Amino acid sequence: MKLADVLILSLSLALIIIGIHQTMTVGIGYSYSIFMFAVALLFWFQYRRMKNPPPTDIPEKMKKKKRKH
């Protein structure tokens with residue numbers, strides 16, 4: 001995971017925590033925009049992950065060798 005992905009995910013989780021706090025103190029009407037921004041960041045994070053999937057190549061050392069019986 002790249003640094004930008006980590007920052008986006010961390011910021012969205014922080015906004016969710018702030019939104020929960022705001023919901024408990026002043027109500028959902030005031031924290032709605034915070035939740036929507038957090039969801040938008042989560043969608044952006046998912047878009048970035050789908051656009052650049054992690055490599056799935058297995059190194060030659062890690063591949064299992066077939067045994068002859």
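Since the structure is predicted, the reported quantities are computational estimates derived from the model, not experimental observations.
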**Study point:** Close side-chain approach of F35 to I28, heavy-atom, < 4.5 Å
**Key:**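 SC-SC contact between F35 and I28 confirmed.
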Tabulate below the donor-acceptor pairs under 3.5 Å that side-chain atoms of residues 12-24 make, not counting sequence neighbours, or state none.
unit_1	atom_1	unit_2	atom_2	d
S12	OG	I8	O	3.4
S12	OG	L9	O	2.8
T23	OG1	G19	O	2.8
T23	OG1	S31	OG	2.7

Check your understanding: What residue pairs, at least two apart or across chains, pass salt bridge (charged side-chain N to carboxylate O under 4.0 Å, His left out) with a residue in residues 8-26?
Key ->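 Counting only pairs at least two positions apart or across chains, no salt bridge (charged side-chain N to carboxylate O under 4.0 Å, His left out) contact touches residues 8-26.
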Exercise for review: Kindly write out the residues that satisfy side chain to side chain donor-acceptor pair (under 3.5 Å) with R48, not counting sequence neighbours, or none if the list is empty.
Suggested key: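 By the side chain to side chain donor-acceptor pair (under 3.5 Å) rule, R48 matches D5.
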Review point. Taking the hydrophobic residues Ile, Leu, Val, Met, Phe, Trp and Tyr, and joining any pair whose side-chain heavy atoms are under 4.5 Å apart, which ones share a cluster with L7?
Key: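 For the cluster that includes L7, the remaining residues are L3.
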Check your understanding: Under the 4.5 Å side-chain heavy-atom rule for ILVMFWY, direct or indirect, which residues accompany F43?
Key ->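 Cluster partners of F43: V39.
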Practice item. Kindly state each residue pair satisfying side chain to side chain donor-acceptor pair (under 3.5 Å) with at least one member in residues 33-46, sequence neighbours excluded. Key: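 Every candidate side chain to side chain donor-acceptor pair (under 3.5 Å) pair involving residues 33-46 fails, so no pair, neighbours aside, qualifies.
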Review point. Do other residues, nucleotides or ligands put more than 12 heavy atoms under 6.0 Å from F37 CZ?
Key: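 Incorrect, the count does not exceed 12.
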